[in-house]
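Read the structure below first, then the notes.
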Amino acid sequence: MTEWALIISCGLITFLTRFSMVALLKKEMFNDRVREVLSYVPTAIFPAIIFPAIFLDNSGSILIEDNPKILAAIIATGIGIFTRNIIATIFSGLASYWFLIFVV
Amino acid sequence: MKTNLQVFCKGIVDVSPFMIPVVPFGLIFGILAIDIGFSPLATMGMSLIIFGGASQIVLIQLFSGGASSLIIISSVGAVNSRHLLYGAVISEHVSDLKLIWKIIISYFLIDQAFALSNQYFKKNQDKNKYFHLIGGGVTCWVIWQSSTALGIILGESIPEKLGLSFAVPLTFLALLVNDFRKITNVIVMITSGLVATLGYDYIPYKAYVIVAALAGLCVALILTKNKKNYD
């Protein structure tokens with residue numbers, strides 16, 4: 001599949017996730033239980049991107065020792081819990097990562 | 001009744017404070033896409049065609065890891081499956097509109113616009129209330145496209161040594177800041193994260209994002225069921 005075919009397919013499926021339910025006339029397509037579980041989708045999916053990006057090295061092996069990303073992510077999480085601020089979380093993590101790799 | 005333009009502008013005003021985090025997110029997307037090897041045109045094309053930040057980052061992340069098209073498309077679909085919920089909630093407010101308006105509204109049905117317009121729809125019953133969502137959506141669209149473009153420009157001059165790819169997990173971490181204090185959400189997050197990390201090498205076709213997300217959702221299903229029983 002070419003790069004553009006891939007981009008268009010991804011665009012199409014994204015549009016369908018938005019459009020399919022809007023287009024349906026039925027008001028109560030989902031019951032409360034389905035709504036509740038769907039509300040956990042971001043919580044369930046984002047860590048699947050976060051954890052491997054922190055704990056795995058470039059070759060895909062688990063790297064715990066000598067891995068500045070772990071400490072930087074812990075600091076960012078702490079700032080996130082404390083401030084609930086998206087920008088503060090991102091930049092505290094990046095700043096501590098740069099501090100650990102360039103200064104320490 | 002307010003004019004269409006007034007409702008549209010109300011949407012812009014309401015969504016604006018929530019646009020601040022979109023800027024670094026768009027910048028990071030643009031920078032990383034260029035870094036991975038996408039052309040400026042393809043990078044801009046992703047923001048224009050897909051118009052969904054998290055799923056675009058998943059796309060380039062999996063693409064650079066060598067995942068197949070099928071896995072990439074289904075992972076993008078999985079990340080965006082939360083929009084099914086938004087659509088279901090919004091549908092009752094737009095059920096009388098023409099198809100073309102439903103298509104336009106669907107394109108702009110993004111997290112921030114949904115959250116704020118849903119609140120507005122609950123308080124206002126005017127026929128033209130949907131202009132609120134379009135106002136919020138268009139605002140986010142302009143911010144997302146321009147920050148992507150700026151990221152593309154910066155991407156060509158930012159050294160790889162800065163390790164900006166670390167901004168990806170940080171950005172997603174930041175999107176979960178409201179979850180950190182809820183124990184159910186924390187358990188779901190850890191389950192998904194562990195399955196993805198430990199299964200990275202063993203789950204075939206780079207399907208670890210989908211498998212981990214399903215594992216997390218199963219845990220959410222069990223935990224929220226038990227919670228109901230105790231209440």
Side-chain angles (χ1 to χ4, degrees), chain A residues 1 3-11 13-15 17-27 29-30 35-56 60-62 69 72-73 76-77 80-81 83-87 89-90 93-94 97-98 101, chain B residues 20-21 24 42 45-46 49-50 52 55 58-59 69 72-73 76-85 87-88 90-92 94-95 102 105-106 109 163 166-180 185 188-189 192-193 196-197 200-201 208-209 212-213 216-217 220-221 224:
Chain A
M1 196 181 259
E3 199 177 274
W4 279 102
L6 178 67
I7 293 171
I8 291 167
S9 308
C10 288
I13 195 160
T14 301
F15 179 77
T17 61
R18 291 171 178 159
F19 179 68
S20 53
M21 293 299 145
V22 171
L24 287 173
L25 291 178
K26 272 191 210 159
K27 283 187 179 178
M29 182 71 190
F30 292 145
R35 278 168 199 249
E36 188 181 17
V37 174
L38 268 183
S39 75
Y40 277 93
V41 164
T43 317
I45 211 159
F46 291 161
I49 298 150
I50 300 168
F51 279 57
I54 292 169
F55 291 103
L56 302 180
S61 326
I62 294 174
K69 289 181 182 176
T77 308
I81 294 171
T83 64
R84 293 199 189 194
N85 183 304
I86 291 176
I87 296 181
T89 308
I90 296 176
L94 268 184
Y97 180 61
W98 285 333
I101 59 173
Chain B
I20 298 167
M46 283 187 267
I49 296 169
I50 303 171
S55 56
V58 168
L59 194 177
S69 299
I72 296 175
I73 296 165
V76 164
V79 171
N80 286 327
S81 61
R82 65 187 191 284
H83 294 129
L84 292 171
L85 180 68
I90 292 293
S91 66
E92 61 176 299
V94 299
S95 56
K102 287 182 182 174
I105 285 168
S106 299
L109 191 61
F166 184 53
V168 171
L170 288 175
T171 308
F172 284 105
L173 197 66
L175 292 176
L176 293 176
V177 283
N178 290 317
D179 284 4
F180 293 149
N185 296 57
V188 171
M189 287 175 356
S192 159
T197 309
Y200 188 86
D201 267 344
Y208 63 93
V209 174
L217 277 184
L221 203 66
T224 51

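Throughout, a chain's letter reflects where its sequence line sits, starting with A, and its residues are numbered from 1. Note that this is a predicted model, so its numbers are computed, not measured.
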Heavy-atom distances under 4.5 Å only: say whether [X] touches chain A with side chain, backbone, both or neither.
{"X": "Asn185(B)", "value": "both"}
{"X": "Leu59(B)", "value": "side chain"}
{"X": "Val168(B)", "value": "side chain"}
{"X": "Val209(B)", "value": "both"}
{"X": "Pro24(B)", "value": "side chain"}

Under 4.5 Å, counting heavy-atom pairs only, tell me which of [options] racks up the most with chain B.
{"options": "Ser61(A), Ala48(A), Ser9(A), Ser39(A)", "answer": "Ala48(A)"}
{"options": "Pro47(A), Gly60(A), Pro42(A)", "answer": "Pro47(A)"}
{"options": "Ile49(A), Thr43(A), Ile45(A), Ile13(A)", "answer": "Thr43(A)"}
{"options": "Ile50(A), Ile8(A), Thr89(A)", "answer": "Ile50(A)"}

Partner chain A: residue of [options] with the largest heavy-atom pair count (under 4.5 Å):
{"options": "Tyr200(B), Phe166(B), Tyr208(B)", "answer": "Phe166(B)"}
{"options": "Val94(B), Val58(B), Ile72(B), Ile90(B)", "answer": "Ile72(B)"}
{"options": "Gly216(B), Ala196(B), Ser106(B)", "answer": "Ser106(B)"}
{"options": "Ile105(B), Asn178(B), Asp201(B), Ile49(B)", "answer": "Ile49(B)"}

> How many angstroms lie between atom CZ of Phe46(A) and atom OG of Ser192(B), to the nearest 0.5 angstrom?
Replying inline: 10.5 Å
> So how far is it from Phe15(A) CZ to His83(B) NE2, rounded to the nearest 0.5 Å?
Replying inline: 12.0 Å
> With respect to Thr14(A), which candidate in Ile73(B), Val79(B), Val76(B) satisfies the side-chain contact (heavy atoms from CB on, under 4.5 Å) definition?
Replying inline: Val76(B)
> Among Leu170(B), Val177(B), Leu173(B), which residue meets the side-chain contact (heavy atoms from CB on, under 4.5 Å) test with Thr77(A)?
Replying inline: Leu173(B)
> Does Leu109(B) offer a backbone N or O that forms a donor-acceptor pair with the side chain of Arg18(A) under 3.5 Å?
Replying inline: yes
Closest heavy-atom pair and its distance - [X], [Y]:
{"X": "Ala220(B)", "Y": "Tyr40(A)", "value": "CB-CG, 3.8 Å"}
{"X": "Ile54(A)", "Y": "Pro169(B)", "value": "CG1-CB, 4.0 Å"}
{"X": "Leu84(B)", "Y": "Met21(A)", "value": "O-CG, 3.1 Å"}

